[in-house]
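These numbers come from the heavy atoms of this one structure, side chains and all, not from hydrogens, waters or symmetry mates. If you're wondering where the values come from, they're calculated on a predicted model, not measured in any experiment.
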Amino acid sequence: MRDPAGAARRHASLIERRLISAARIQLERRGYVFDELAPDLLVNIAAVVEERQGLRATPGGFPGRDGVETEDYRLGRLAIDLIDARRRDVVWHSTAEGRISPEMLRDAGSAAEKAVAAVFEGFPVKPKAKAVAASAAASR
């Protein structure tokens, strides 16, 4: 499949679609509105999972005889950039990193959504959205 400019377009994987959807949800919660035709912000998402090996201390059978063993694990990294669509400049960048547990692998979509939420923790709420959220909380 080709896009209108003629470049080959690849299809997003299921996990990529979950990451994109989670980023959109986080932005909408902060007062931004999705506009495919005239966006103010572009979102760039990069995710990497690496196989790693680390050392872990193990208790020994005798005092002072602690051992060391290796363990294999997966390390996940997620980076999100928000880019000003008109200027094509990165205006915000954040990352999250952590070990990926077997439970996360079984429910990768949920794990992706939680990782995106962690990345967006420091992202500010749009000023108009703050006023709307405050008035909604006051009316309760």
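- The heavy-atom pair separating Ala23 from Ile45 by the smallest distance is CB-CD1, 4.0 Å.
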Next on the checklist: Could you go through Val68 and Thr58, starting from their C-alpha distance and side-chain angles, then the distance that decides it, and tell me whether this counts as side-chain contact (heavy atoms from CB on, under 4.5 Å)?
Outcome noted: CA-CA 6 Å; Val68 176; Thr58 58; 6.0 Å; no

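- Counting heavy atoms from C-beta on, the side chains of Ile83 and Asn44 come closer than 4.5 Å.
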Next on the checklist: Quick one, Arg74 with Glu51, criterion salt bridge (charged side-chain N to carboxylate O under 4.0 Å, His left out). Give me CA distance, side-chain angles, the key distance, then yes/no.
Outcome noted: CA-CA 5 Å; Arg74 289 185 174 109; Glu51 299 288 334; 2.8 Å; yes

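- Scored by the salt bridge (charged side-chain N to carboxylate O under 4.0 Å, His left out) test, Asp40 finds Arg86 as partners (sequence neighbours excluded).
- Side-chain contact check for Arg77 versus Thr95: every heavy-atom pair is 4.5 Å or farther apart.
- With rounding to the nearest 0.5 angstrom, the CG atom of Asp72 is 12.0 Å from the CZ atom of Arg52.
- A search for side-chain contact (heavy atoms from CB on, under 4.5 Å) contacts involving Arg88 returns Leu42, not counting sequence neighbours.
- For the ring pair (Phe, Tyr, Trp, His ring centres under 6.0 Å) test, residues two or more places apart in sequence or in another chain that qualify with Phe123 are Tyr32, Trp92, Phe120.
- When all heavy atoms are compared, the tightest approach of Ala112 to Leu19 is CB-CD2, 3.6 Å.
- Here CD1 of Ile20 is found 10.5 Å from CD1 of Ile80. Values are rounded to the nearest 0.5 Å.
- Atom CZ of Arg18 sits about 7.0 Å away from atom OG of Ser110, to the nearest 0.5 Å.
- Considering all non-hydrogen atoms of both residues, Ala115 and Ala96 come closest at O-CB, 4.3 Å.
- The two residues Met104 and Arg99 come nearest to each other via the heavy atoms SD-O, 3.7 Å.
- Between Leu105 and Ile100, the closest side-chain pair of non-hydrogen atoms falls below 4.5 Å.
- A distance of 4.5 Å separates OG1 in Thr70 from CD in Gln53, rounded to the nearest 0.5 Å.
- Using a distance-only test at 3.5 Å, with no hydrogens or angles considered, no donor-acceptor pair links the side chain of Asp89 to the main chain of Val91.
- A distance of 6.0 Å separates CD1 in Ile25 from CZ in Arg29, rounded to the nearest 0.5 Å.
- Between Ile15 atom CD1 and Arg17 atom CZ the span is 10.5 Å, to the nearest 0.5 Å.
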